[in-house]
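These notes concern the structure reproduced below.
Keep in mind that this is a model prediction, so the values were computed, not measured. Order of the sequence lines sets the chain letters (A, B, ...), proteins ahead of strands, with each chain counted from 1.
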Protein chains: 2
Amino acid sequence: MRRSAPGEVAAAPTMQDLATSLGVSVSTVSLALRGHSVISEATRARVVTKAEQLGYVYNRAAANLRTQRRHLVGLVVPDVANPVVADIALGLQSSVASEGLFVVSTSTLESVDAQHAVLRALTEDRAAGIVLIPALETKRQDLAIPASAAVPLVILNRSIEGATAPYVGAADEKIVDLALAHLFDHHHPQTVAYFGGIASASPYLARRTRFEQIISGREVTHLEPWSRPTAPTAEAGYRAFRELLTQGPPPDAVVCHSDSIAIGVLKALNEVDASPSECAVVGIDGLATSAMTTPGLTTIAIGTDELGRGAGAILLDAIAGEPARADDLSPVTPTLVVRQSCGCIGDPLVVPAEAGGHSQ
Amino acid sequence: MRRSAPGEVAAAPTMQDLATSLGVSVSTVSLALRGHSVISEATRARVVTKAEQLGYVYNRAAANLRTQRRHLVGLVVPDVANPVVADIALGLQSSVASEGLFVVSTSTLESVDAQHAVLRALTEDRAAGIVLIPALETKRQDLAIPASAAVPLVILNRSIEGATAPYVGAADEKIVDLALAHLFDHHHPQTVAYFGGIASASPYLARRTRFEQIISGREVTHLEPWSRPTAPTAEAGYRAFRELLTQGPPPDAVVCHSDSIAIGVLKALNEVDASPSECAVVGIDGLATSAMTTPGLTTIAIGTDELGRGAGAILLDAIAGEPARADDLSPVTPTLVVRQSCGCIGDPLVVPAEAGGHSQ
DNA sequence: AGCGCCAATTCAATCGTTTGAAAAGCGAGG
DNA sequence: CCTCGCTTTTCAAACGATTGAATTGGCGCT
């Protein structure tokens with residue numbers, strides 16, 4: 001082990017250091033540390049103890065260079081703070097952990113440039129794989145970087161036109177079906193709207209199209225002005241809905257593009273004292289926090305962790321060199337979570353005991 | 001560039017491939033790609049074009065091995081989904097980006113084992129630095145791993161007894177001072193409590209101690225049963241507060257350990273139709289979503305992004321080999337955000353136009 | 001004593017960069 | 001024509017691991 005100059009930080013010991021200090025070869029150390037069976041138990045023990053003693057820590061960069069294998073998968077998303085994304089991250093983590101991979105997340109904040117930078121960095125690092133929720137305005141050619149270094153990529157939540165990478169998304173049609181079916185069965189609205197969401201993101205189009213399809217076959221009128229896209233935050237939803245409320249009474253029922261947006265809508269309705277019976281609202285996502293609104297938010301849970309797990313499964317296949325199988329791509333079945341915001345159940349709500357959450 | 005066998009994936013081209021295909025040496029390629037001034041403009045251009053043409057991507061693992069320098073800092077936290085953490089991540093990112101570093105986050109879910117695993121992984125990867133919000137029950141010796149490979153570490157939010165790594169935290173005393181000062185000035189409560197939070201985490205002790213200090217000098221009675229610690233989620237807060245409400249009327253004012261918890265408390269109060277004038281609540285954190293509750297949550301903003309930035313600054317110093325300077329460690333000044341939950345302002349609230357948020 | 005065999009260990013090449021030092025090319029000055 | 005001084009390019013040795021092939025040593029068998 002090299003002696004360090006006075007002011008200098010002691011360099012971390014290497015296998016070589018271990019080897020010489022034990023009077024064996026580096027190969028022996030390497031094999032021993034990884035518990036390879038050709039090494040005798042006695043030497044293995046000696047090596048391991050010495051390693052501990054010297055505070056040796058494995059240098060993965062060196063190993064990876066040699067083996068051309070990596071153990072890290074990147075999750076690149078607009079915003080890690082988004083609870084939906086957080087759930088996805090957990091699902092992904094649990095699915096790739098079995099292969100000894102681990103997941104790191106970074107936020108792009110919807111900036112294509114930032115996204116470009118992190119995709120590049122991840123690729124230069126030769127990540128085992130990348131799961132991407134594309135920033136808005138991401139084009140096909142923005143995904144060229146990982147491709148050129150053969151880093152497997154799976155796209156989540158927002159599809160990119162012309163992209164060849166496998167795509168995993170929620171079951172947008174079924175989601176809307178579920179939401180509307182519930183509203184029609186229990187609330188019999190005369191007027192409806194599809195509120196919020198980013199018009200240029202692919203799920204918006206899918207859901208809104210389905211929405212219009214369904215209601216066109218029913219005896220309801222679509223209050224188009226209330227079907228207004230918004231930024232994907234509760235604040236944006238609040239502001240936009242609040243403004244609409246100044247211009248007239250709300251629809252009898254509104255489907256919100258996400259739970260976050262629904263939270264803003266609820267706030268706006270609360271401020272004008274509009275009850276669920278006047279305006280029923282249902283969200284989409286199934287966030288844990290949507291149980292904490294007043295009234296409790298009725299929502300369509302989209303199975304976020306399953307999405308993450310699904311992405312993980314496809315990624316693992318891709319890493320193993322297998323092409324994505326079609327059945328991997330089948331989206332998760334959404335489920336309806338009934339609370340008070342649709343007007344079906346009275347307060348007080350009893351929150352089911354297994355609910356999760358997040359906080360400081 | 002090596003030709004690949006039929007079924008095989010084409011290996012990514014290396015500098016060597018570029019070099020031979022251009023009839024120059026690897027050194028030239030290496031220097032050219034990094035824009036070193038000693039290379040003539042003409043060759044630089046040729047190299048760059050060729051690189052593009054061949055889809056060359058830099059192999060950072062190899063470079064890092066050679067240079068012993070890395071460009072990635074790990075943010076290890078209990079839960080990335082926690083909005084506070086997300087803000088910290090942003091602050092950290094913005095502060096280290098200037099040095100060309102970038103931040104990756106991982107969640108430990110309060111598991112010391114999981115934390116151990118990721119600290120080990122980050123250390124084995126020789127991350128440039130690590131910022132850690134320790135999982136509960138983290139002991140001093142759990143931090144030994146990064147130390148042995150000389151990876152700079154800074155601890156955030158929860159201090160660890162006996163740890164030598166620099167610590168950055170919120171100004172717990174000032175936070176409590178601010179909350180109580182506001183309540184006393186505007187609400188004149190007879191009874192108060194400090195609700196929620198994890199009793200074994202260091203900020204809890206600091207805040208609760210200060211709380212008791214202050215009120216002991218005032219004409220108020222502390223309703224101890226209501227000062228109950230909880231898990232750090234809105235759900236946990238809701239459940240615990242709900243239960244307390246069945247046993248009697250709430251205190252006139254309660255300070256909640258976090259905004260998330262306050263959100264649960266508000267939900268519970270809403271369910272029994274208790275208004276802010278009966279029970280004033282103030283949260284701590286200053287989350288964007290706390291503007292979306294009904295009533296809007298009055299809260300103490302702790303300057304989360306500053307915390308992240310602060311951690312980043314210290315980390316950069318440590319990476320540069322400088323010890324943490326004392327003034328780096330001075331915590332951010334908290335600020336009061338007044339909304340309705342403390343009973344000071346009537347509805348409807350106008351949300352200030354610059355508020356941020358997060359969602360799908 | 002000689003031989004073969006097996007288990008345990010070591011050799012040495014390799015992964016793809018970086019970088020200090022050496023070399024090559026070339027025009028100018030003596 | 002030689003030498004000097006530039007600029008530009010190349011040499012070759014790292015960095016710290018992995019791994020197929022070669023080596024060593026000990027043991028049992030004849």
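- Rounded to whole Å, atom P of C:dT10 lies 10 Å from atom CG of A:Leu22.
- Residues A:Ile155 and A:Pro134 form a side-chain contact, since some pair of their non-hydrogen atoms from C-beta on lies under 4.5 Å apart.
- Put simply, CG on B:Asp17 is 10 Å from C1' on C:dG16, counting in whole angstrom units.
- The CG-P distance, from A:Asn64 to D:dT18, rounds to 9 Å in whole Å.
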Sub-3.5 Å pairs of nitrogen or oxygen atoms, protein against nucleotides 7-9 of chain D:
{"unit_1": "D:dT9", "atom_1": "OP1", "unit_2": "B:Thr43", "atom_2": "OG1", "d": "3.0"}
{"unit_1": "D:dT9", "atom_1": "OP2", "unit_2": "B:Ser40", "atom_2": "N", "d": "3.1"}
{"unit_1": "D:dT9", "atom_1": "OP2", "unit_2": "B:Thr43", "atom_2": "OG1", "d": "3.0"}

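- Rounded to whole Å, atom C1' of C:dT19 lies 15 Å from atom CG of B:Leu33.
- Of the candidates A:Asp79, A:Ile133, A:Leu90, A:Val85 forms a side chain to side chain contact (heavy atoms under 4.5 Å, CB included) with just one, namely A:Ile133.
- Distances shorter than 4.0 Å separate none of the side-chain N or O atoms of A:Tyr56 from OP1 or OP2 on D:dG16.
- Nearest to the side-chain atoms of B:Ser30 among the listed nucleotides D:dG16, C:dT18, D:dA17 stands C:dT18.
- When the options B:Glu161, B:Gln115, B:Glu110 are evaluated for a side chain to side chain donor-acceptor pair (under 3.5 Å) with B:Thr138, the one that passes is B:Gln115.
- Between C:dC15 and B:Gln16, no contact under 4.0 Å exists linking OP1 or OP2 to a side-chain N or O.
- Put simply, the side chain of A:Tyr56 never gets that close to the backbone of B:Ala149: no donor and acceptor are under 3.5 Å apart.
- Nearest-nucleotide positions on DNA chain D for B:Ser27 and B:Leu65 put B:Ser27 closer to the 5' end.
- Taking atom CZ of B:Arg126 as the reference point, atom C1' of D:dG16 lies 9 Å away to the nearest angstrom.
- Rounded to whole Å, atom C1' of D:dC15 lies 13 Å from atom CG of B:Asn59.
- Considering only side-chain atoms of A:Arg34, the nucleotide from C:dT18, D:dT18, C:dT17 that sits closest is D:dT18.
- A donor-acceptor pair under 3.5 Å links the side-chain atoms of B:Asn59 to the main chain of B:Ala61, judged by distance alone.
- B:Ser27 and B:Ser30 share no side-chain donor-acceptor pair at under 3.5 Å.
- Distance CE (A:Met15) to P (D:dT19): 11 Å, rounded to an integer number of Å.
- A close approach under 4.0 Å does occur between a side-chain nitrogen or oxygen of B:Gln68 and OP1 or OP2 of D:dG16.
- Around CD of B:Glu52, the count of heavy atoms belonging to other residues, nucleotides or ligands within 6.0 Å does not exceed 12.
- A straight line from CZ of A:Arg60 to P of D:dT18 spans 10 Å, rounded to a whole angstrom.
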